[in-house]
Amino acid sequence: MKKIRKITETAIGLVVLLALLGGCAYTPQNEEQSNIDYGSIDAGTQIIETQVETYADAGDEQDTTVFIDEKLNENLFISAELKMPESSLYEYATQLKTFDYDKVQEAIGQNAEGTLIIDDGSDEFSGGSLTYQRNDMASHLDTYCSYAGEMGLTDDKDLSFMSQADAIARMQSFTGMPGVGGELEALDVVAMDQADLENVKKAIMEDTGYQFLSAKGYGNDTFDDGMEVYRIIFRMDVNGIPVYRNEPNLRQTSERFLAYPTAVTALLSNNGIEMITMAGMFEPYDEHQKEAAIIGEDGIKEAIIKKFGSGILKNEFRAKNIWMEYFPLLRKDSFTEMDLIPVWCVDFEVNGESVEDSRYSIRFNAITGEEIS
């Protein structure tokens with residue numbers, strides 16, 4: 001069951017709703033709705049935007065790059081850059097993270113205040129999640145930072161209390177104390193000082209799409225003199241390869257349930273940690289579990305052809321983006337034990353629509369070529 005301890009007499013209710021069985025198609029939504037849907041993570045816009053960034057970053061340290069441009073079958077094409085990692089990779093056996101309350105509290109490293117919610121992983125369809133919120137204002141700061149980042153209302157800068165690099169390192173260190181598998185890599189950083197917060201508050205109050213926030217007290221917010229805050233979105237890497245975060249239109253095709261997407265968002269101010277949400281976290285793996293050769297260019301083309309069959313397609317499908325991820329797959333008859341498997345992810349244009357508009361993606365097991373989702 002979930003372990004909840006209130007660190008102050010004033011309890012702050014915080015609900016963490018995770019996306020089971022992958023992501024859902026993106027539709028525009030306001031920041032407050034995004035916070036509710038994904039435990040104060042801007043899942044509606046930010047995660048999808050950073051997912052696109054993930055595609056580009058995934059190959060930073062990969063060795064071989066080829067561009068494939070050919071017709072595979074009638075109405076089936078591939079026009080994409082393929083970045084190959086090493087010829088073999090490891091599969092890992094692990095389980096959703098069980099957090100230790102005392103270690104997490106020590107990692108937060110602040111006076112006893114706020115609300116810390118830890119899921120110990122014993123509930124079905126649960127596990128691997130942690131949420132800390134210092135006070136009610138923390139969720140407001142999250143909204144301000146998210147809005148500023150989306151609308152381009154803040155500069156890329158270091159704040160006076162701590163540099164961006166040190167803030168990132170501080171939150172990476174946080175995950176090391178309770179022991180989380182993988183390595184955090186910062187995808188997006190929003191830096192705001194008091195003037196930025198005042199300007200963004202004014203912009204939100206004048207934005208017709210956000211006026212409902214007035215009823216939630218946003219219009220009454222005041223900021224301490226010298227207030228500064230970073231909002232950092234991380235991805236989880238394994239072997240320098242990103243772990244699945246959240247993808248619109250993910251389709252369930254495996255007999256096993258897909259595990260949670262990994263997601264980490266942190267707010268760090270000159271007062272300390274304001275908020276941190278972690279979802280889909282898994283236990284560290286002490287050793288390599290299974291090494292196997294991964295399919296390359298020919299294997300990917302064979303997997304795509306097998307997926308669409310030998311018949312003539314009515315619509316034109318063109319593979320445009322190909323990248324590699326580690327994918328969390330729950331084991332049969334378990335809601336906490338999982339395997340991390342390398343997969344090739346393929347984005348398609350359909351009938352000439354952009355990848356963003358077509359929303360058609362397929363993931364193939366990078367070892368067997370089997371369609372995963």
Side-chain angles (χ1 to χ4, degrees), residues 6-17 28-47 49 108 110-111 113-117 130-155 157 159-162 167 170-171 174 188-234 263-279:
K6 297 176 183 177
I7 316 178
T8 58
E9 294 181 0
T10 304
I12 302 169
L14 189 60
V15 180
V16 181
L17 298 180
Q29 56 185 327
N30 57 60
E31 297 301 327
E32 187 73 9
Q33 290 172 322
S34 296
N35 290 346
I36 293 173
D37 289 342
Y38 289 86
S40 296
I41 300 173
D42 177 18
T45 300
Q46 192 67 47
I47 287 184
E49 290 176 352
I108 292 172
Q110 296 176 184
N111 295 331
E113 58 176 304
T115 297
L116 173 62
I117 301 177
L130 175 155
T131 300
Y132 170 76
Q133 181 172 305
R134 185 174 183 179
N135 51 33
D136 286 328
M137 186 62 177
S139 63
H140 290 204
L141 291 173
D142 184 44
T143 299
Y144 294 135
C145 290
S146 180
Y147 185 92
E150 181 180 348
M151 300 299 182
L153 300 180
T154 184
D155 298 326
K157 59 188 175 185
L159 298 175
S160 61
F161 83 98
M162 184 179 289
R170 166 73 177 89
M171 300 317 303
F174 173 92
D188 182 74
V189 181
V190 173
M192 300 186 70
D193 56 26
Q194 183 185 2
D196 294 325
L197 291 166
E198 295 285 2
N199 291 336
V200 170
K201 172 189 167 184
K202 182 175 183 293
I204 287 179
M205 291 298 98
E206 294 175 351
D207 190 327
T208 56
Y210 289 82
Q211 288 181 352
F212 74 97
L213 293 179
S214 294
K216 298 181 179 294
Y218 281 72
N220 299 323
D221 285 342
T222 59
F223 308 104
D224 295 337
D225 290 340
M227 177 73 176
E228 294 181 329
V229 62
Y230 287 112
R231 181 180 189 263
I232 311 171
I233 293 179
F234 293 94
V264 179
T265 300
L267 266 72
L268 182 64
S269 78
N270 48 344
N271 292 319
I273 298 176
E274 300 287 343
M275 176 187 289
I276 184 164
T277 60
M278 306 178 72

- Test log, rule side chain to side chain contact (heavy atoms under 4.5 Å, CB included), inputs V229 and V190: CA-CA 8 Å; V229 62; V190 173; over 6 Å; no

- I would like to know whether V264 and M171 meet side chain to side chain contact (heavy atoms under 4.5 Å, CB included); could you show each step before the answer? CA-CA 10 Å; V264 179; M171 300 317 303; over 6 Å; no

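At least one side-chain heavy atom of I233 sits under 4.5 Å from a side-chain heavy atom of R231.
Nearest heavy atom pair, residue M205 against residue S214, reads SD-OG, 3.3 Å. Across all their heavy atoms, G226 and N270 have their closest contact at O-ND2, 2.9 Å. Scanning both residues, N220 and K201, for their nearest heavy atoms gives C-NZ, 4.3 Å. The shortest non-hydrogen separation linking A148 to V200 is CB-CG2, 3.7 Å. The two residues Y147 and A203 come nearest to each other via the heavy atoms OH-O, 3.9 Å. Shortest non-hydrogen contact noted between S269 and M227 is CB-CE, 4.2 Å.
Each of L141, D155, L197 was scored for a side-chain contact (heavy atoms from CB on, under 4.5 Å) with M192, with one residue passing: L197.
Formation of a donor-acceptor pair under 3.5 Å by the T154 side chain with backbone atoms of A191 is found in this model. For R170 (side chain) and M162 (main-chain N/O), no donor-acceptor pair under 3.5 Å exists by modelled atom type.
Taken from CD in E274 to CG in N135, the straight-line distance is 6.0 Å, to the nearest 0.5 Å. For the atom pair CE of M151 and OG of S146, the computed distance is 9.0 Å after rounding to the nearest 0.5 Å. In this structure, CG in L153 is found 9.0 Å from CG in D196, a value given to the nearest 0.5 Å. Here the CD-CG distance, from Q194 to N199, works out to 10.5 Å after rounding to the nearest 0.5 Å. Put simply, OG on S160 and CG on D193 are 8.0 Å apart, with the number rounded to the nearest 0.5 Å. Here CE of M137 is found 6.5 Å from OG1 of T222. Values are rounded to the nearest 0.5 Å.
Between F223 and Y144, the ring center distance clears the sub-6.0 Å criterion. Aromatic rings of Y210 and Y218 (six-membered ring for Trp) have centroids beyond the 6.0 Å cut-off, not under it.
Summarising the local packing, NZ of K157 is surrounded by more than 12 heavy atoms from other residues, nucleotides or ligands at distances under 6.0 Å.
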